[in-house]
Amino acid sequence: MQTIVVRCPAKLNLTFNICGLRPDGYHNVETVFQSISLEDELIVSMEKNKEFEFKIECDHPALKKQIPLDDSNLIGKAAKAFLAQQKTRSNYKILVKLEKKIPVGAGLAGGSTDAAGMLIAMNRFFGDPLNLAELQELGASFGSDIPFCLEGGTCIGRGRGELLEKLESNLQLCYCIVKPRKLSVSTPWAFKAFDQFESIIPPPDSKKTIMGLLSADAEQALAGFGNVFEPVVFAAHPELAELKTELLKQGAWACHMTGSGPTLFAVVSGKEMGQHIRRHILRDDDIGFSYLTEEILQEAVPPIDFKLAESSTFGARIIS
Ligand code: C5P
């Protein structure tokens with residue numbers, strides 16, 4: 001069996017705007033994507049077999065319940081899409097060991113980046129027949145964020161999010177990635193709720209953010225950050241607004257939701273400030289009280305999933 005190890009970074013949407021509903025049911029968006037140092041790892045093993053076999057192994061007991069471990073997972077979809085594209089007559093047995101660090105159902109593209117990593121691993125098994133643009137085209141056929149997850153770094157995303165313009169940015173930011181552990185938001189639900197939302201939502205100033213990123217001016221970049229999903233998702237989950245207020249009160253430079261949420265990213269001056277905020281948020285009885293379910297108490301994990309990460313220039317990639 002041949003084995004390939006891939007690393008798959010999470011993404012943030014530094015800005016996120018919805019520009020209208022399309023005839024195909026999707027929405028046109030304009031977003032500034034940023035890959036970050038929070039990464040999943042996939043150990044992919046593959047050999048020829050009489051029939052197609054696919055299995056994901058994931059050691060984490062809580063995650064096992066949250067994600068499908070068969071080929072209905074986006075990783076399995078990526079494997080099948082690649083094999084179909086190659087029109088191969090052979091069958092394969094594929095085993096994926098998944099070390100999941102990116103929270104699930106979080107707006108961090110955890111599923112899409114794993115799928116991007118799987119496409120890269122499959123491509124390597126077959127001797128790299130597809131270039132990056134071809135992998136991105138294949139990825140876009142089953143997930144709007146997959147092309148960016150293959151690209152990495154900083155990009156403007158348009159169309160469904162799959163049309164990318166690379167931004168050469170040297171601005172390195174440090175983030176607290178904060179997600180109430182028991183709360184997940186479905187992306188189709190969020191788009192529908194946005195369409196039905198009664199109030200006018202001001203768009204982010206993505207021009208300002210782009211100029212700030214290009215000139216490595218943090219203040220200007222941050223001034224343009226924003227996400228039109230935020231009021232929609234906060235209306236359904238007011239505890240998120242409370243959490244954002246708390247993160248800002250503790251000294252974060254800015255705090256916004258990524259994608260369709262519910263994860264918040266708070267921009268901080270560095271790891272020290274990040275650790276200070278972490279200690280405060282994880283100890284504060286008033287924040288997250290509503291998530292202290294029996295299950296969380298039994299698992300003995302904090303109700304808030306809190307991670308520190310930095311801007312990254314990497315997309316999904318092979319490490320060995
Ligand atoms: O492409 P992806 O699988 O991430 O999309 C999930 C769902 O989110 C789509 O089925 C669609 O309902 C919604 N979506 C959208 N417009 C986009 C991206 C996603 O309406 N640009």
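Numbering of ligands and ligand atoms starts at 1, following listing order.
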- [ ] For the residue pair Thr258 and Thr263, confirm or rule out a side-chain donor-acceptor distance under 3.5 Å.
- [x] no
TODO: Determine the interplanar angle of the Phe33 and Phe148 rings, folded into 0 to 90°, and report it as parallel if under 30°, tilted if 30 to 60°, perpendicular if over 60°.
DONE: parallel
Open item on the list: I need the single residue from Phe125, Tyr92, Phe126 that forms a ring pair (Phe, Tyr, Trp, His ring centres under 6.0 Å) with Phe82. Which is it?
Closed with: Phe126
Open item on the list: Over 60° means perpendicular and under 30° means parallel, so tell me whether Phe16 and Phe229 are parallel, tilted or perpendicular.
Closed with: parallel
Open item on the list: For ligand 1 and His27, I'd like to know whether there is a polar contact (N/O to N/O, distance under 3.5 Å).
Closed with: yes
Open item on the list: Tell me the protein heavy atom at minimum distance from atom 9 (C) of ligand 1, and give that distance in Å.
Closed with: Tyr26 CE2, 3.7 Å
Task: Shortest protein heavy-atom distance from atom 7 (C) of ligand 1, along with the residue and atom involved - done: Pro188 CG, 3.8 Å
Task: Protein heavy-atom partner closest to atom 3 (O) of ligand 1 - residue, atom, separation in Å - done: Gly143 CA, 4.1 Å
Open item on the list: In this structure, does ligand 1 have an atom that sits under 4.0 Å from one of the heavy atoms of Thr187?
Closed with: yes
Task: Per-atom contacts, ligand 1 versus Ser144 - under 4.0 Å to a heavy atom - done: 1 (O), 2 (P), 4 (O), 18 (C)
Open item on the list: Less than 4.0 angstrom from a charged side-chain N to a carboxylate O is my criterion; do Lys55 and Glu57 meet it?
Closed with: yes
Open item on the list: More than 12 heavy atoms of other residues, nucleotides or ligands under 6.0 Å from CZ of Arg124: yes or no?
Closed with: no
- [ ] Report the nearest protein non-hydrogen atom to atom 13 (C) of ligand 1: residue, atom name, distance rounded to 0.1 Å.
- [x] Phe191 CD1, 3.5 Å
